[in-house]
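To keep things clear, I will list the structure first and then write my remarks on it.
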Amino acid sequence: MPVSVTDRRLLTAIEDGLPLVPEPYAELGRRLGLSEAEVIARLQGLIAGGVIKRFGMVVRHRDLGYTANAMAVWDVPDDRVGAAGRRLAEFPFVTLCYRRRRQPPVWPYNLFCMIHGTDRRVVCDQIAQINSEPELAHCPHAVLFSRRAFKQRGARYSVREAKETA
């Protein structure tokens, strides 16, 4: 997909996130000399064209007080992993869950979920609640609490960034 000069300016403008205002697309448009509708249409086009692979939000959990963050993993028989994943996704405290290939012999787990909490004991209780579900009962599992947060940021598209990282 060809990317116009205006699209490049828009990509650069969103590198640090959307403006924290009630109408962020209108604000971007104001900065770039575009209407809000044109900003939205251009972003939709960039997404549809594969230039933007993912358009989402980066949440810095620790900044919000969520310091008891755990990745819980299970080794679920392959014929049950779909049902187990759907059940996991129903828990309101599970912020994401997904399936990955096992990496034997080191890593036998194929079902992952993340729980962000403010109290480690509460998170452990929530994981115990999950483990009582029939889909996951008796499946080997592990819990990995994070000790530190790594840098989180959105994609970089501008030349400035390429020069800085080269």
Should I40 and L34 be counted in the same cluster of Ile, Leu, Val, Met, Phe, Trp and Tyr side chains packed under 4.5 Å apart? yes
Which class fits the ring pair W107 and Y109: parallel under 30°, tilted 30 to 60°, perpendicular over 60°? perpendicular
Take a 6.0 Å sphere around CG of L20 and say whether it holds more than 12 heavy atoms from other residues, nucleotides or ligands. no
With hydrophobic residues grouped by side-chain heavy-atom distances under 4.5 Å, do I47 and V51 end up in a single group? yes
Could you state whether V76 and L88 fall into the same hydrophobic cluster, counting links through intermediate Ile, Leu, Val, Met, Phe, Trp or Tyr residues with side-chain heavy atoms under 4.5 angstrom apart? yes
Shortest non-hydrogen contact from G49 toward M1: CA-SD, 3.5 Å
Close side-chain approach of L43 and F55, heavy atoms under 4.5 Å: yes
Hey, does L28 have a side-chain heavy atom less than 4.5 Å from the side chain of P19? yes
Do L136 and H141 touch side chain to side chain, with heavy atoms closer than 4.5 Å? no
Within the supplied structure, the quantity of interest is the number of heavy atoms (other residues, nucleotides, ligands) at a distance under 6.0 Å from R100 CZ; does it exceed 12? no
Min side-chain heavy-atom separation L11-V3 under 4.5 Å: yes
Nearest 0.5 Å please: distance from the CD atom of E27 over to the CD atom of E36. 11.0 Å
Name all pairs fulfilling the ring-ring contact (aromatic ring centres under 6.0 Å, His included) condition that reach into residues 9-49, sequence neighbours left out, sorted by first residue then second. none
Provide the closest heavy-atom pair for A137 versus R80 in the form atom of the first, atom of the second, distance. O-NH2, 4.2 Å
State yes or no: do W74 and V143 share one hydrophobic cluster built from I, L, V, M, F, W and Y residues joined by side-chain heavy-atom distances below 4.5 Å, directly or via other members? yes
With H61 via side chain to side chain donor-acceptor pair (under 3.5 Å) - residues at least two apart: H116
Give, for atom CD1 of I52 and atom CG of L46, the distance between the pair rounded to the nearest 0.5 Å. 4.5 Å
How many angstroms lie between CZ in F91 and CD1 in I130, if you round to the nearest 0.5 Å? 5.5 Å
Does the side chain of R156 reach to within under 4.5 Å of the side chain of D16, using non-hydrogen atoms? yes
For E133, look at atom CD and say whether over 12 heavy atoms of other residues, nucleotides or ligands are found less than 6.0 Å away. yes
What are the two closest non-hydrogen atoms of F93 and I115, and how far apart are they? O-CG2, 3.6 Å
To the nearest 0.5 Å, what is the distance between CG on L10 and CG on L32? 6.0 Å
Taking side chain as C-beta onward, heavy atoms only, is M114 less than 4.5 Å from V94? no
How long is the gap from CG on D119 to CD on Q126, to the nearest 0.5 Å? 9.5 Å
Contact check, side chains of P108 and D75, non-hydrogen atoms, under 4.5 Å: yes
Check the hydrophobic clustering (I, L, V, M, F, W, Y; side-chain heavy atoms under 4.5 Å; chains of links allowed) and say if F112 and Y66 are grouped together. no
Test side chain to side chain donor-acceptor pair (under 3.5 Å) applied to E135 - qualifying residues, sequence neighbours left out: none
As an exercise, state the distance from OG of S4 to CZ of R42, rounded to the nearest 0.5 Å. 4.5 Å
Can you tell me if CZ on R8 sees more than 12 non-hydrogen neighbours from other groups inside 6.0 Å? no
Between D78 and R99 (salt bridge meaning N to carboxylate O under 4.0 Å), is one present in this structure? yes
